[in-house]
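As structure tokens, the structure follows; a few thoughts come after it.
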Amino acid sequence: MDRISSTNFLPEGFQGTRDDITEQIGLIWEQIKAPLIVPLLRIAVVLCLAMSIMLFLERVYMGIVIVLVKLFGRKPEKRYKWEPIRDDVEMGNGAYPMVLVQIPMYNEKEVYQLSIGAACGLSWPSDRIIIQVLDDSTDPAIKDLVELECQRWASKGINIKYEIRDNRNGYKAGALKEGMKHSYVRRCDFVAIFDADFQPEPDFLWRTIPFLMYNAEIGLVQARWKFVNSNECLMTRMQEMSLDYHFTVEQEVGSSTYAFFGFNGTAGVWRISALNEAGGWKDRTTVEDMDLAVRASLKGWKFLYVGDLKVKNELPSTFKAYRYQQHRWSCGPANLFRKMVMEIVRNKKVSLWKKIHVIYNFFFVRKIVAHIVTFVFYCVVIPATVLVPEVVIPKWGAVYIPSIITFLNAVGTPRSLHLLVFWILFENVMSLHRTKATMIGLLEAGRVNEWVVTEKLGDALKTKAGVKAAKKPRIRIGDRVHILELGVGAYLFFCACYDLAFGKNHYFIYLYLQAIAFFITGFGYVGTFIPGS
């Protein structure tokens with residue numbers, strides 16, 4: 001029996017038009033594929049494989065170092081002098097250094113009480129500590145609440161200063177810089193910095209300050225973050241997996257080998273003389289903390305990471321807040337790399353190996369290559385090879401290396417290993433925004449200095465969830481639909497269908513899953529969602 005073509009069921013005029021258009025598209029594709037698409041895609045594959053190898057070697061290197069650190073027990077107390085600060089009968093409290101505690105905040109209605117309360121609860125001689133609340137809030141009601149909270153603690157005998165300014169120039173960096181100008185700061189030896197959602201334990205200063213007191217070469221002591229809302233939703237679990245690797249491996253390796261790592265902007269204590277020698281706070285990028293750390297390192301100062309000391313804080317649980325945070329964390333380092341690479345190369349105070357570590361490992365591989373290869377290779381190039389079977393990706397590049405990299409990233413959070421597939425898919429989705437932000441930073445394009453404060457919810461989510469609304473709130477489509485994710489999802493879905501019909505590599509299994517992840521994210525079904533937040 002002759003096979004019946006589906007075109008027989010269509011009107012003749014439409015059928016002819018459709019066949020003509022299909023033939024023209026097919027002809028154009030065949031004409032440009034061999035001379036243009038195939039060579040370009042092969043070049044892209046080679047570049048992506050080279051970047052994958054860079055990332056692979058860097059991950060393996062750090063894995064080996066962290067294993068050696070754990071095996072030989074190179075704890076901070078063994079590498080540097082540390083002993084409890086002893087009371088001095090003659091000097092009294094004068095034996096304790098003067099410590100400034102800075103809390104920069106901006107419209108932090110949900111968490112200001114937690115952070116101020118935790119800072120005021122730090123165990124340290126009351127006449128040797130100053131709490132400085134740097135309030136850049138633009139909402140008068142929130143400003144009044146923060147000021148009242150400061151007055152409440154001041155009435156209890158806490159030396160707390162409420163500081164405001166008439167502009168937000170430089171954002172957080174500007175606020176910290178302005179805070180250091182006050183006359184009472186000149187009496188301080190060290191400055192501890194906590195963002196508005198961070199809650200240090202009372203013994204935080206007892207465990208960090210001795211490192212700075214007894215080791216003159218240390219300019220910074222950084223503590224680890226502990227996430228109080230990691231179980232709030234699947235998105236916060238994914239963030240925990242990524243950040244645990246950063247703190248468990250990247251910070252530990254940097255501290256143990258080159259005594260350099262990027263300051264996390266909070267939960268750390270600086271030697272004020274080191275901060276000043278490095279040039280103080282600058283607002284030339286959106287990662288003022290990393291900028292300061294690199295400049296201080298180039299002056300010869302060493303950094304110490306204390307992984308056993310954890311400070312509670314909150315992960316962004318809404319997708320909107322997380323996107324803004326990731327834009328800043330990806331764009332800022334790329335832009336800082338552009339600004340500082342030659343300054344690092346010309347520096348004469350640090351060793352060649354430390355320069356290589358900062359330029360290649362810290363900036364190029366981790367802050368640029370990692371973002372670009374994740375999106376371009378796994379979400380663009382691999383799907384494209386489905387449409388162009390002439391271009392073949394070796395199995396070691398498409399399967400083995402990515403699998404090892406993924407495993408090495410995931411071991412930092414053993415409790416979430418069963419979520420590994422979800423983490424891979426989510427990280428690939430986020431790589432779209434990180435790659436875009438990285439390119440903006442490298443090229444100094446339009447949003448290079450965009451700073452949106454990460455929204456903190458505190459207990460607001462629980463409160464809103466526990467109250468039954470009388471009327472279901474209206475949800476604006478623009479709050480939930482994300483065109484970029486939907487576009488990439490459609491591309492991946494098309495490639496998956498094509499591979500299922502004509503391909504031989506079975507990429508369609510991965511492509512369908514990744515397309516679904518992009519669609520879920522594109523329609524806003526990720527993270528918590530609070531209408532009107």
Side-chain angles (χ1 to χ4, degrees), residues 1-53 372-403 405-406 420-422 424-429 431-432 435 483-523:
M1 182 185 292
D2 292 334
R3 186 166 60 90
I4 301 175
S5 172
S6 61
T7 57
N8 293 337
F9 296 100
L10 298 171
E12 290 185 5
F14 181 78
Q15 177 185 325
T17 304
R18 195 196 71 165
D19 288 345
D20 289 344
I21 293 173
T22 305
E23 287 178 7
Q24 288 176 9
I25 292 174
L27 186 62
I28 293 171
W29 172 251
E30 290 301 325
Q31 286 178 340
I32 66 172
K33 186 168 74 168
L36 182 63
I37 302 298
V38 172
L40 287 177
L41 191 55
R42 281 180 177 152
I43 293 171
V45 167
V46 170
L47 291 175
C48 287
L49 289 175
M51 288 191 287
S52 292
I53 292 171
I372 293 175
V373 73
T374 303
F375 176 68
V376 174
F377 193 34
Y378 305 124
C379 299
V380 178
V381 172
I382 289 179
T385 59
V386 168
L387 307 177
V388 187
E390 294 89 341
V391 180
V392 179
I393 300 175
K395 188 171 287 187
W396 60 263
V399 179
Y400 300 143
I401 282 184
S403 298
I405 291 174
T406 300
L420 195 57
V421 173
F422 296 101
I424 294 168
L425 298 174
F426 181 68
E427 282 294 291
N428 287 350
V429 172
S431 69
L432 164 65
T435 298
I483 302 300
L484 268 178
E485 284 89 342
L486 293 177
V488 176
Y491 165 70
L492 291 168
F493 187 79
F494 172 76
C495 292
C497 292
Y498 189 92
D499 189 52
L500 180 61
F502 307 108
K504 298 178 181 179
N505 293 321
H506 302 293
Y507 286 157
F508 66 87
I509 300 172
Y510 157 71
L511 294 175
Y512 275 130
L513 290 173
Q514 191 63 70
I516 292 170
F518 270 99
F519 285 139
I520 290 172
T521 310
F523 285 114

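Keep in mind the model is a prediction, meaning the values are calculated, not measured.
Nearest heavy-atom pair, Gly489 versus Ala515, reported as atom, atom and distance to 0.1 Å: O-CB, 3.6 Å. When all heavy atoms of Val429 and Gln514 are compared, the pair lying nearest together is CG2-NE2, 3.6 Å. For the residue pair Ile405 and Ser52, the shortest heavy atom distance occurs at CD1-O, 3.9 Å.
Atom CG in Leu492 sits 12.0 Å away from atom CD in Glu485 (nearest 0.5 Å). A distance of 10.5 Å separates CG of Leu420 from CZ of Phe422, quoted to the nearest 0.5 Å.
Residue pairs meeting the side-chain hydrogen bond (donor to acceptor under 3.5 Å, both in side chains) criterion with at least one partner in residues 392-401, sequence neighbours excluded, do not occur; the list is empty.
The local environment of CZ in Phe519 is crowded, with over 12 non-hydrogen atoms from other residues, nucleotides or ligands closer than 6.0 Å. For Tyr491, the OH atom sits in a packed shell: over 12 heavy atoms of surrounding residues, nucleotides or ligands are nearer than 6.0 Å.
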Please report, to 0.1 Å, the donor-acceptor pairs under 3.5 Å made by any side chain of residues 33-47, with sequence neighbours excluded.
residue: Lys33; atom: NZ; partner: Glu390; partner atom: OE2; Å: 3.1
residue: Arg42; atom: NH2; partner: Glu390; partner atom: O; Å: 3.2

Using a 3.5 Å cut-off and no angle test, enumerate the donor-acceptor pairs between side-chain atoms of residues 375-388 and protein atoms at least two apart in sequence or in another chain.
residue: Thr385; atom: OG1; partner: Ile382; partner atom: O; Å: 2.6

Residues 496-506, side-chain donor-acceptor partners within the protein, below 3.5 Å, at least two apart:
residue: Asp499; atom: OD2; partner: Tyr507; partner atom: N; Å: 2.9
residue: Asp499; atom: OD2; partner: Phe508; partner atom: N; Å: 2.8

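Looking at residues two or more places apart in sequence or on another chain, you find a side-chain contact (heavy atoms from CB on, under 4.5 Å) between Ser403 and Val399. Residues satisfying the side-chain contact (heavy atoms from CB on, under 4.5 Å) test with Ile509, not counting sequence neighbours, are none.
Of the candidates Leu486, Leu484, Leu432, Leu432 is the only one forming a side chain to side chain contact (heavy atoms under 4.5 Å, CB included) with Phe518.
The shortest side-chain heavy-atom distance between Pro394 and Leu49 falls under the 4.5 Å cut-off.
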